[in-house]
There are 2 protein chains.
Amino acid sequence: MNDTKKIGRPRNFDYGEALVQAMSVFWTKGYDGASLRDLTQAMGITGPSLYAAFGDKRELYLKTIDHYCNADACAPIVAFEGEDDIEKAIHDFLAEVIRSATEHASGAKGCFLASCVVTTVGQVDGVAERVEAAIDDTEQRLVARFECEIEKGTLPPDFPSRERAALLFDIRQGYMFRGRAGWNKDRMQKDIGARVRMVLSH
Amino acid sequence: MNDTKKIGRPRNFDYGEALVQAMSVFWTKGYDGASLRDLTQAMGITGPSLYAAFGDKRELYLKTIDHYCNADACAPIVAFEGEDDIEKAIHDFLAEVIRSATEHASGAKGCFLASCVVTTVGQVDGVAERVEAAIDDTEQRLVARFECEIEKGTLPPDFPSRERAALLFDIRQGYMFRGRAGWNKDRMQKDIGARVRMVLSH
DNA sequence: TGCCTTATATATCGAACGATACATAAGCCA
DNA sequence: TGGCTTATGTATCGTTCGATATATAAGGCA
(Lines give C-alpha, C1' and ligand atoms only; values in the text may rest on other atoms or scores of the structure.)
Protein backbone atom coordinates (compact mmCIF):
# COMPACT_ATOMS: atom_id res chain seq x y z
CA MET A 1 0.00 0.00 0.00
CA ASN A 2 2.33 2.73 1.22
CA ASP A 3 5.51 0.74 0.76
CA THR A 4 6.55 3.23 -1.91
CA LYS A 5 7.08 6.11 0.48
CA LYS A 6 10.70 7.09 0.53
CA ILE A 7 10.97 10.38 2.37
CA GLY A 8 13.40 10.45 5.26
CA ARG A 9 15.92 7.93 6.46
CA PRO A 10 14.70 4.37 5.92
CA ARG A 11 14.44 1.96 8.82
CA ASN A 12 17.04 -0.71 9.05
CA PHE A 13 14.73 -3.34 10.52
CA ASP A 14 11.77 -5.25 9.13
CA TYR A 15 8.50 -3.96 10.55
CA GLY A 16 6.61 -7.24 10.31
CA GLU A 17 9.45 -9.32 11.64
CA ALA A 18 9.87 -7.04 14.63
CA LEU A 19 6.14 -7.30 15.26
CA VAL A 20 6.32 -11.08 15.28
CA GLN A 21 9.19 -10.99 17.74
CA ALA A 22 7.23 -8.64 19.96
CA MET A 23 4.26 -11.00 19.84
CA SER A 24 6.49 -13.85 20.88
CA VAL A 25 7.65 -11.90 23.93
CA PHE A 26 4.08 -11.01 24.95
CA TRP A 27 3.04 -14.60 24.33
CA THR A 28 5.77 -15.96 26.56
CA LYS A 29 5.84 -13.38 29.34
CA GLY A 30 2.40 -11.81 29.24
CA TYR A 31 1.62 -8.13 28.85
CA ASP A 32 2.82 -6.93 32.23
CA GLY A 33 5.67 -9.41 32.33
CA ALA A 34 7.07 -8.21 29.03
CA SER A 35 9.37 -5.28 29.77
CA LEU A 36 10.51 -2.75 27.24
CA ARG A 37 13.98 -4.22 27.57
CA ASP A 38 12.65 -7.68 26.71
CA LEU A 39 10.82 -6.26 23.73
CA THR A 40 13.56 -4.08 22.26
CA GLN A 41 16.09 -6.87 22.72
CA ALA A 42 13.93 -9.47 20.96
CA MET A 43 12.96 -7.03 18.21
CA GLY A 44 16.56 -5.99 17.68
CA ILE A 45 15.81 -2.28 17.91
CA THR A 46 16.24 0.49 20.46
CA GLY A 47 13.61 2.15 22.59
CA PRO A 48 13.11 5.29 20.51
CA SER A 49 12.82 3.20 17.34
CA LEU A 50 10.12 1.14 18.95
CA TYR A 51 8.14 4.17 20.03
CA ALA A 52 8.53 5.83 16.65
CA ALA A 53 7.38 2.77 14.72
CA PHE A 54 4.76 1.22 16.97
CA GLY A 55 3.71 3.80 19.55
CA ASP A 56 3.79 2.95 23.22
CA LYS A 57 3.71 -0.48 24.80
CA ARG A 58 -0.04 -0.81 24.69
CA GLU A 59 -0.29 0.15 21.01
CA LEU A 60 2.44 -2.32 20.16
CA TYR A 61 0.49 -4.97 22.05
CA LEU A 62 -2.70 -4.25 20.12
CA LYS A 63 -0.74 -4.37 16.87
CA THR A 64 0.57 -7.83 17.70
CA ILE A 65 -3.00 -8.96 18.39
CA ASP A 66 -4.24 -7.62 15.08
CA HIS A 67 -1.34 -9.22 13.30
CA TYR A 68 -2.12 -12.57 14.88
CA CYS A 69 -5.75 -12.35 13.85
CA ASN A 70 -5.07 -11.24 10.30
CA ALA A 71 -2.18 -13.54 9.51
CA ASP A 72 -4.18 -16.76 9.84
CA ALA A 73 -1.78 -17.60 12.61
CA CYS A 74 -4.19 -20.04 14.25
CA ALA A 75 -2.89 -23.28 12.80
CA PRO A 76 -5.76 -25.58 13.89
CA ILE A 77 -8.41 -23.62 12.02
CA VAL A 78 -6.26 -23.43 8.92
CA ALA A 79 -5.84 -27.18 9.06
CA PHE A 80 -9.57 -27.68 9.57
CA GLU A 81 -10.43 -25.63 6.53
CA GLY A 82 -7.71 -27.09 4.35
CA GLU A 83 -8.75 -30.76 4.43
CA ASP A 84 -11.61 -31.92 2.23
CA ASP A 85 -12.70 -35.02 4.13
CA ILE A 86 -14.61 -33.81 7.16
CA GLU A 87 -13.51 -36.64 9.41
CA LYS A 88 -9.88 -36.08 8.51
CA ALA A 89 -10.39 -32.36 8.90
CA ILE A 90 -11.53 -32.77 12.47
CA HIS A 91 -8.66 -35.13 13.11
CA ASP A 92 -6.20 -32.63 11.70
CA PHE A 93 -7.77 -29.82 13.69
CA LEU A 94 -7.32 -31.76 16.93
CA ALA A 95 -3.81 -32.88 16.04
CA GLU A 96 -2.84 -29.32 15.30
CA VAL A 97 -4.43 -28.11 18.53
CA ILE A 98 -2.39 -30.64 20.48
CA ARG A 99 0.76 -29.75 18.61
CA SER A 100 0.43 -26.03 19.21
CA ALA A 101 -0.57 -26.67 22.81
CA THR A 102 2.57 -28.67 23.53
CA GLU A 103 5.24 -27.49 21.16
CA HIS A 104 6.64 -24.09 21.89
CA ALA A 105 7.86 -22.14 18.91
CA SER A 106 10.28 -19.71 20.53
CA GLY A 107 8.89 -20.50 23.94
CA ALA A 108 5.30 -19.59 23.13
CA LYS A 109 2.77 -22.29 23.88
CA GLY A 110 -0.95 -22.57 23.29
CA CYS A 111 -3.03 -19.95 21.55
CA PHE A 112 -1.88 -16.36 21.75
CA LEU A 113 -5.44 -15.13 22.15
CA ALA A 114 -6.86 -17.87 24.31
CA SER A 115 -3.88 -18.35 26.59
CA CYS A 116 -2.35 -14.92 26.85
CA VAL A 117 -4.30 -12.00 25.48
CA VAL A 118 -7.54 -12.99 27.17
CA THR A 119 -6.09 -12.35 30.61
CA THR A 120 -5.66 -8.67 29.81
CA VAL A 121 -9.25 -8.04 28.79
CA GLY A 122 -10.10 -5.95 31.81
CA GLN A 123 -6.66 -4.41 32.06
CA VAL A 124 -5.72 -3.09 28.64
CA ASP A 125 -8.10 -0.90 26.68
CA GLY A 126 -8.88 -2.20 23.22
CA VAL A 127 -8.33 -5.87 23.99
CA ALA A 128 -11.89 -6.85 24.82
CA GLU A 129 -13.36 -5.94 21.43
CA ARG A 130 -10.59 -7.77 19.63
CA VAL A 131 -10.95 -10.96 21.62
CA GLU A 132 -14.71 -11.03 21.26
CA ALA A 133 -14.44 -10.48 17.53
CA ALA A 134 -11.85 -13.25 17.27
CA ILE A 135 -14.10 -15.73 19.06
CA ASP A 136 -17.04 -14.91 16.84
CA ASP A 137 -14.89 -15.21 13.76
CA THR A 138 -13.49 -18.56 14.87
CA GLU A 139 -16.87 -20.08 15.60
CA GLN A 140 -18.30 -18.74 12.37
CA ARG A 141 -15.54 -20.35 10.36
CA LEU A 142 -16.04 -23.65 12.12
CA VAL A 143 -19.79 -23.51 11.54
CA ALA A 144 -19.30 -22.63 7.88
CA ARG A 145 -17.18 -25.71 7.38
CA PHE A 146 -19.92 -27.96 8.74
CA GLU A 147 -22.64 -26.20 6.75
CA CYS A 148 -20.58 -26.77 3.66
CA GLU A 149 -20.56 -30.52 4.36
CA ILE A 150 -24.32 -30.49 4.80
CA GLU A 151 -24.70 -28.93 1.38
CA LYS A 152 -22.40 -31.54 -0.08
CA GLY A 153 -24.56 -34.19 1.55
CA THR A 154 -21.74 -35.60 3.62
CA LEU A 155 -23.54 -34.61 6.77
CA PRO A 156 -27.29 -34.92 7.38
CA PRO A 157 -29.44 -31.76 6.97
CA ASP A 158 -30.23 -31.66 10.68
CA PHE A 159 -26.60 -31.84 11.74
CA PRO A 160 -26.17 -29.34 14.63
CA SER A 161 -23.37 -27.30 13.10
CA ARG A 162 -23.33 -24.55 15.65
CA GLU A 163 -23.36 -26.95 18.57
CA ARG A 164 -20.47 -28.98 17.19
CA ALA A 165 -18.50 -25.89 16.25
CA ALA A 166 -18.79 -24.79 19.87
CA LEU A 167 -17.65 -28.24 20.90
CA LEU A 168 -14.52 -27.98 18.78
CA PHE A 169 -13.92 -24.59 20.25
CA ASP A 170 -14.21 -25.92 23.79
CA ILE A 171 -12.00 -28.90 23.12
CA ARG A 172 -9.37 -26.54 21.85
CA GLN A 173 -9.58 -24.52 25.05
CA GLY A 174 -9.22 -27.64 27.12
CA TYR A 175 -6.11 -28.82 25.32
CA MET A 176 -4.55 -25.38 25.47
CA PHE A 177 -5.01 -25.40 29.21
CA ARG A 178 -3.60 -28.90 29.61
CA GLY A 179 -0.66 -28.05 27.40
CA ARG A 180 0.17 -25.01 29.44
CA ALA A 181 0.04 -27.15 32.54
CA GLY A 182 2.65 -29.50 31.18
CA TRP A 183 0.69 -32.41 29.70
CA ASN A 184 2.63 -34.11 26.95
CA LYS A 185 1.52 -34.84 23.42
CA ASP A 186 1.05 -38.59 23.80
CA ARG A 187 -1.30 -38.24 26.71
CA MET A 188 -3.59 -36.03 24.66
CA GLN A 189 -3.35 -37.83 21.36
CA LYS A 190 -4.86 -41.01 22.75
CA ASP A 191 -8.30 -39.42 22.83
CA ILE A 192 -8.33 -38.02 19.32
CA GLY A 193 -10.29 -40.91 17.83
CA ALA A 194 -13.04 -40.79 20.42
CA ARG A 195 -13.27 -37.04 20.09
CA VAL A 196 -13.64 -37.14 16.33
CA ARG A 197 -16.47 -39.60 16.77
CA MET A 198 -18.13 -37.37 19.34
CA VAL A 199 -18.02 -34.34 17.08
CA LEU A 200 -19.59 -36.22 14.18
CA SER A 201 -22.07 -38.35 16.11
CA HIS A 202 -25.78 -37.99 15.49
CA MET B 1 -3.36 -27.04 64.51
CA ASN B 2 -1.02 -24.32 65.74
CA ASP B 3 -3.72 -21.81 66.50
CA THR B 4 -2.86 -22.14 70.17
CA LYS B 5 0.52 -20.46 69.84
CA LYS B 6 0.62 -17.32 71.86
CA ILE B 7 4.21 -16.13 72.02
CA GLY B 8 4.83 -12.61 70.80
CA ARG B 9 2.50 -9.86 69.75
CA PRO B 10 -0.61 -11.23 68.03
CA ARG B 11 -1.55 -10.13 64.52
CA ASN B 12 -4.42 -7.77 64.23
CA PHE B 13 -5.58 -9.13 60.88
CA ASP B 14 -7.13 -12.41 59.82
CA TYR B 15 -4.63 -14.57 57.95
CA GLY B 16 -7.15 -16.42 55.83
CA GLU B 17 -9.14 -13.33 55.00
CA ALA B 18 -6.02 -11.48 53.91
CA LEU B 19 -5.10 -14.46 51.74
CA VAL B 20 -8.49 -14.36 50.04
CA GLN B 21 -8.10 -10.66 49.37
CA ALA B 22 -4.65 -11.28 47.89
CA MET B 23 -6.08 -14.00 45.67
CA SER B 24 -8.70 -11.58 44.45
CA VAL B 25 -6.03 -9.09 43.46
CA PHE B 26 -3.97 -11.70 41.61
CA TRP B 27 -7.14 -12.98 39.99
CA THR B 28 -8.09 -9.55 38.72
CA LYS B 29 -4.72 -8.13 37.80
CA GLY B 30 -2.54 -11.15 37.20
CA TYR B 31 0.74 -11.95 38.90
CA ASP B 32 2.87 -9.27 37.32
CA GLY B 33 0.05 -6.77 37.25
CA ALA B 34 -0.57 -7.07 40.97
CA SER B 35 1.74 -4.63 42.71
CA LEU B 36 2.69 -4.77 46.35
CA ARG B 37 0.68 -1.62 46.84
CA ASP B 38 -2.40 -3.28 45.35
CA LEU B 39 -1.89 -6.28 47.58
CA THR B 40 -1.22 -4.54 50.87
CA GLN B 41 -4.10 -2.16 50.27
CA ALA B 42 -6.59 -4.94 49.54
CA MET B 43 -5.31 -7.05 52.42
CA GLY B 44 -5.48 -4.13 54.81
CA ILE B 45 -1.92 -4.59 56.05
CA THR B 46 1.45 -2.94 55.54
CA GLY B 47 4.40 -4.21 53.57
CA PRO B 48 6.44 -5.57 56.47
CA SER B 49 3.39 -7.38 57.85
CA LEU B 50 2.87 -9.03 54.47
CA TYR B 51 6.45 -10.18 54.24
CA ALA B 52 6.48 -11.44 57.82
CA ALA B 53 3.29 -13.44 57.42
CA PHE B 54 3.45 -14.68 53.83
CA GLY B 55 7.02 -14.32 52.60
CA ASP B 56 7.73 -12.48 49.38
CA LYS B 57 5.34 -11.88 46.50
CA ARG B 58 5.93 -15.27 44.91
CA GLU B 59 5.34 -17.20 48.12
CA LEU B 60 2.16 -15.25 48.74
CA TYR B 61 1.05 -16.11 45.22
CA LEU B 62 1.67 -19.82 45.76
CA LYS B 63 -0.21 -19.67 49.06
CA THR B 64 -3.24 -18.18 47.32
CA ILE B 65 -3.12 -21.00 44.78
CA ASP B 66 -2.97 -23.65 47.48
CA HIS B 67 -5.80 -21.98 49.33
CA TYR B 68 -7.93 -21.97 46.20
CA CYS B 69 -7.28 -25.65 45.63
CA ASN B 70 -7.90 -26.71 49.20
CA ALA B 71 -10.92 -24.58 49.95
CA ASP B 72 -13.20 -26.22 47.38
CA ALA B 73 -13.37 -22.81 45.80
CA CYS B 74 -14.29 -24.20 42.39
CA ALA B 75 -18.05 -23.79 42.54
CA PRO B 76 -18.97 -25.87 39.45
CA ILE B 77 -17.36 -29.02 40.77
CA VAL B 78 -18.93 -28.58 44.17
CA ALA B 79 -22.30 -28.22 42.47
CA PHE B 80 -21.66 -31.29 40.33
CA GLU B 81 -20.85 -33.42 43.34
CA GLY B 82 -23.67 -32.08 45.47
CA GLU B 83 -26.63 -33.02 43.26
CA ASP B 84 -27.87 -36.63 43.32
CA ASP B 85 -29.59 -36.78 39.95
CA ILE B 86 -26.84 -36.99 37.33
CA GLU B 87 -28.71 -35.05 34.70
CA LYS B 88 -29.43 -32.26 37.13
CA ALA B 89 -25.85 -32.46 38.35
CA ILE B 90 -24.50 -31.79 34.88
CA HIS B 91 -27.03 -29.02 34.44
CA ASP B 92 -25.96 -27.43 37.71
CA PHE B 93 -22.31 -27.83 36.80
CA LEU B 94 -22.82 -25.97 33.55
CA ALA B 95 -25.01 -23.31 35.13
CA GLU B 96 -22.38 -22.71 37.77
CA VAL B 97 -19.64 -22.57 35.15
CA ILE B 98 -21.57 -19.92 33.26
CA ARG B 99 -22.30 -18.01 36.42
CA SER B 100 -18.67 -17.91 37.54
CA ALA B 101 -17.56 -17.12 34.01
CA THR B 102 -19.79 -14.08 33.76
CA GLU B 103 -20.34 -12.79 37.27
CA HIS B 104 -17.41 -11.14 38.88
CA ALA B 105 -17.19 -11.42 42.63
CA SER B 106 -14.93 -8.50 43.50
CA GLY B 107 -13.92 -8.15 39.87
CA ALA B 108 -12.55 -11.66 39.49
CA LYS B 109 -14.06 -13.60 36.61
CA GLY B 110 -13.65 -17.15 35.41
CA CYS B 111 -11.55 -19.75 37.16
CA PHE B 112 -8.56 -18.56 39.15
CA LEU B 113 -6.47 -21.48 37.96
CA ALA B 114 -7.69 -21.76 34.39
CA SER B 115 -7.89 -18.07 33.61
CA CYS B 116 -5.11 -16.53 35.62
CA VAL B 117 -2.62 -18.84 37.29
CA VAL B 118 -2.03 -20.92 34.18
CA THR B 119 -0.42 -17.99 32.39
CA THR B 120 2.41 -17.93 34.92
CA VAL B 121 3.40 -21.56 34.53
CA GLY B 122 6.68 -20.84 32.82
CA GLN B 123 7.32 -17.66 34.75
CA VAL B 124 6.88 -18.41 38.43
CA ASP B 125 8.58 -21.40 40.02
CA GLY B 126 6.20 -23.75 41.77
CA VAL B 127 3.15 -22.97 39.69
CA ALA B 128 3.47 -25.74 37.10
CA GLU B 129 3.25 -28.61 39.60
CA ARG B 130 0.26 -27.05 41.30
CA VAL B 131 -1.69 -26.50 38.08
CA GLU B 132 -1.00 -29.99 36.81
CA ALA B 133 -2.08 -31.50 40.12
CA ALA B 134 -5.23 -29.40 40.08
CA ILE B 135 -6.18 -30.59 36.61
CA ASP B 136 -5.65 -34.21 37.54
CA ASP B 137 -7.66 -33.75 40.70
CA THR B 138 -10.51 -32.08 38.84
CA GLU B 139 -10.76 -34.75 36.18
CA GLN B 140 -10.54 -37.49 38.77
CA ARG B 141 -13.44 -36.02 40.72
CA LEU B 142 -15.54 -35.74 37.58
CA VAL B 143 -14.74 -39.32 36.60
CA ALA B 144 -15.54 -40.57 40.10
CA ARG B 145 -18.98 -39.00 39.93
CA PHE B 146 -19.77 -40.85 36.69
CA GLU B 147 -18.37 -44.12 38.00
CA CYS B 148 -20.61 -43.77 40.98
CA GLU B 149 -23.64 -43.50 38.68
CA ILE B 150 -22.55 -46.62 36.83
CA GLU B 151 -22.48 -48.51 40.11
CA LYS B 152 -25.92 -47.23 40.98
CA GLY B 153 -27.09 -48.44 37.59
CA THR B 154 -28.18 -45.03 36.43
CA LEU B 155 -25.60 -45.13 33.68
CA PRO B 156 -24.72 -48.16 31.55
CA PRO B 157 -21.60 -50.16 32.49
CA ASP B 158 -19.81 -49.14 29.31
CA PHE B 159 -20.39 -45.43 29.84
CA PRO B 160 -17.14 -43.65 28.89
CA SER B 161 -16.64 -41.84 32.17
CA ARG B 162 -13.16 -40.54 31.45
CA GLU B 163 -14.10 -39.24 28.04
CA ARG B 164 -17.14 -37.39 29.34
CA ALA B 165 -15.25 -36.03 32.31
CA ALA B 166 -12.75 -34.57 29.87
CA LEU B 167 -15.65 -33.15 27.90
CA LEU B 168 -17.03 -31.37 30.95
CA PHE B 169 -13.58 -30.07 31.62
CA ASP B 170 -13.25 -28.71 28.10
CA ILE B 171 -16.68 -27.13 28.12
CA ARG B 172 -15.73 -25.36 31.29
CA GLN B 173 -12.61 -23.98 29.63
CA GLY B 174 -14.62 -22.79 26.68
CA TYR B 175 -17.14 -20.92 28.79
CA MET B 176 -14.40 -19.37 30.91
CA PHE B 177 -12.81 -18.04 27.75
CA ARG B 178 -16.07 -16.69 26.39
CA GLY B 179 -16.90 -15.11 29.72
CA ARG B 180 -13.59 -13.34 29.86
CA ALA B 181 -14.19 -12.06 26.37
CA GLY B 182 -17.44 -10.46 27.42
CA TRP B 183 -20.15 -12.92 26.42
CA ASN B 184 -23.22 -12.54 28.56
CA LYS B 185 -25.03 -15.20 30.56
CA ASP B 186 -28.06 -15.53 28.33
CA ARG B 187 -26.03 -16.23 25.24
CA MET B 188 -24.36 -19.16 26.95
CA GLN B 189 -27.33 -20.54 28.81
CA LYS B 190 -29.24 -21.31 25.63
CA ASP B 191 -26.99 -24.27 24.93
CA ILE B 192 -27.15 -25.91 28.34
CA GLY B 193 -29.82 -28.40 27.36
CA ALA B 194 -28.02 -29.62 24.27
CA ARG B 195 -24.79 -29.88 26.19
CA VAL B 196 -26.31 -31.97 28.96
CA ARG B 197 -27.63 -34.35 26.32
CA MET B 198 -24.24 -34.54 24.68
CA VAL B 199 -22.48 -35.41 27.92
CA LEU B 200 -24.95 -38.20 28.69
CA SER B 201 -25.45 -39.56 25.17
CA HIS B 202 -24.49 -43.11 24.36
C1' DT C 1 25.35 20.61 -2.85
C1' DG C 2 22.29 22.19 0.72
C1' DC C 3 17.59 21.22 2.76
C1' DC C 4 13.99 18.58 4.55
C1' DT C 5 12.32 14.48 6.62
C1' DT C 6 12.63 10.50 9.15
C1' DA C 7 15.35 6.86 11.79
C1' DT C 8 18.99 5.91 14.91
C1' DA C 9 22.04 6.01 19.16
C1' DT C 10 23.11 7.73 23.76
C1' DA C 11 21.81 9.14 27.88
C1' DT C 12 18.56 9.81 31.16
C1' DC C 13 14.06 11.16 33.14
C1' DG C 14 10.48 10.71 37.17
C1' DA C 15 7.65 7.12 38.91
C1' DA C 16 6.69 2.81 40.56
C1' DC C 17 8.57 -1.50 41.54
C1' DG C 18 9.74 -5.29 45.22
C1' DA C 19 11.80 -5.53 49.44
C1' DT C 20 13.92 -3.93 54.30
C1' DA C 21 16.16 -1.39 58.45
C1' DC C 22 14.82 0.55 62.28
C1' DA C 23 12.39 1.77 66.23
C1' DT C 24 8.11 0.93 68.69
C1' DA C 25 4.05 -1.65 70.55
C1' DA C 26 1.68 -5.70 72.32
C1' DG C 27 1.10 -9.88 74.57
C1' DC C 28 3.24 -14.18 77.25
C1' DC C 29 6.20 -15.92 80.96
C1' DA C 30 9.49 -15.93 84.56
C1' DT D 1 7.64 -5.96 86.68
C1' DG D 2 11.32 -6.94 83.38
C1' DG D 3 12.69 -9.70 79.59
C1' DC D 4 11.50 -12.31 75.54
C1' DT D 5 9.21 -12.79 71.19
C1' DT D 6 6.65 -11.39 67.48
C1' DA D 7 3.86 -7.79 64.87
C1' DT D 8 3.32 -3.06 63.48
C1' DG D 9 4.35 1.69 61.48
C1' DT D 10 7.46 4.82 59.20
C1' DA D 11 10.70 5.73 56.17
C1' DT D 12 13.45 4.41 52.62
C1' DC D 13 16.56 1.33 50.07
C1' DG D 14 18.44 0.13 45.14
C1' DT D 15 16.39 -1.45 40.90
C1' DT D 16 13.69 -1.48 37.08
C1' DC D 17 9.85 0.32 34.92
C1' DG D 18 7.81 2.90 30.70
C1' DA D 19 8.90 6.75 28.14
C1' DT D 20 11.81 10.95 26.06
C1' DA D 21 15.13 14.87 25.09
C1' DT D 22 18.87 15.56 22.43
C1' DA D 23 22.08 15.14 18.93
C1' DT D 24 23.53 12.58 14.91
C1' DA D 25 23.05 9.78 10.55
C1' DA D 26 20.83 8.48 6.21
C1' DG D 27 18.27 9.03 2.23
C1' DG D 28 15.03 11.86 -1.28
C1' DC D 29 14.47 16.22 -3.59
C1' DA D 30 15.38 20.85 -5.11
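Side chains included, hydrogens not; waters and symmetry mates left out as well; all remaining heavy atoms used. Here the structure is a predicted model, which is why all the values come from computation and not from measurement. Order of the sequence lines fixes the chain letters, A, B, ..., with proteins taken first and strands second; residue numbering starts at 1 for each chain.
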B:Lys190 NZ: over 12 foreign heavy atoms closer than 6.0 Å: no

Donor-acceptor pair, side chain of A:Thr40 and main chain of A:Leu36, under 3.5 angstrom: yes

Rounded distance (Å) that lies between atom P of C:dA7 and atom CZ of A:Phe54: 11 Å

Under 4.0 Å protein heavy-atom contacts per nucleotide of nucleotides 16-24 of chain D, with B for base, S for backbone only and - for none: -SSBBB---

Of all pairs that satisfy ring-ring contact (aromatic ring centres under 6.0 Å, His included), the ones with a partner from residues 33-60 of chain A, not counting sequence neighbours: A:Tyr15-A:Phe54

Separation of C:dT5 P from A:Arg11 CZ (nearest whole Å): 18 Å

Cation-pi check, A:Arg164 onto A:Phe146 ring (under 6.0 Å, within 45° of axis): no

Atom-to-atom span, OH of B:Tyr15 to P of D:dT6 - whole angstrom: 16 Å

Parallel, tilted or perpendicular: ring planes of A:Tyr61 versus A:Phe26, cut at 30 and 60 degrees: perpendicular

Short side-chain N/O contact from A:Asn12 to OP1 or OP2 of C:dT8, under 4.0 Å: yes

Interface with DNA chain C, restricted to residues 116-126 of chain A and to heavy atoms under 4.0 Å: none

CA sep, side-chain torsions, deciding dist, call: B:Glu81, B:Arg141, salt bridge (Lys or Arg N to Asp or Glu O under 4.0 Å): CA-CA 8 Å; B:Glu81 291 175 331; B:Arg141 286 169 70 178; 2.7 Å; yes

B:Trp183-B:Phe177 aromatic ring centre distance below 6.0 Å: no

Flag, side chain of B:Glu17 to backbone of B:Met43, donor-acceptor distance under 3.5 Å: no

Euclidean distance, atom CG of residue A:Leu50 to atom P of C:dT8 [Å, nearest integer]: 11 Å

Smallest separation among heavy atoms of B:Tyr175 and B:Arg195, with atom names: OH-CD, 3.4 Å

Toward the 5' end of DNA chain D, by each residue's nearest nucleotide, A:Pro10 or B:Phe13: B:Phe13

Gap between atoms CD1 and C1', on B:Ile7 and C:dC29 respectively (whole Å): 10 Å

Length of the CD-P vector between B:Gln41 and C:dA16, whole Å: 13 Å

Nearest listed nucleotide, side chain of A:Ser49, among C:dT8, D:dT8, C:dT5: C:dT8

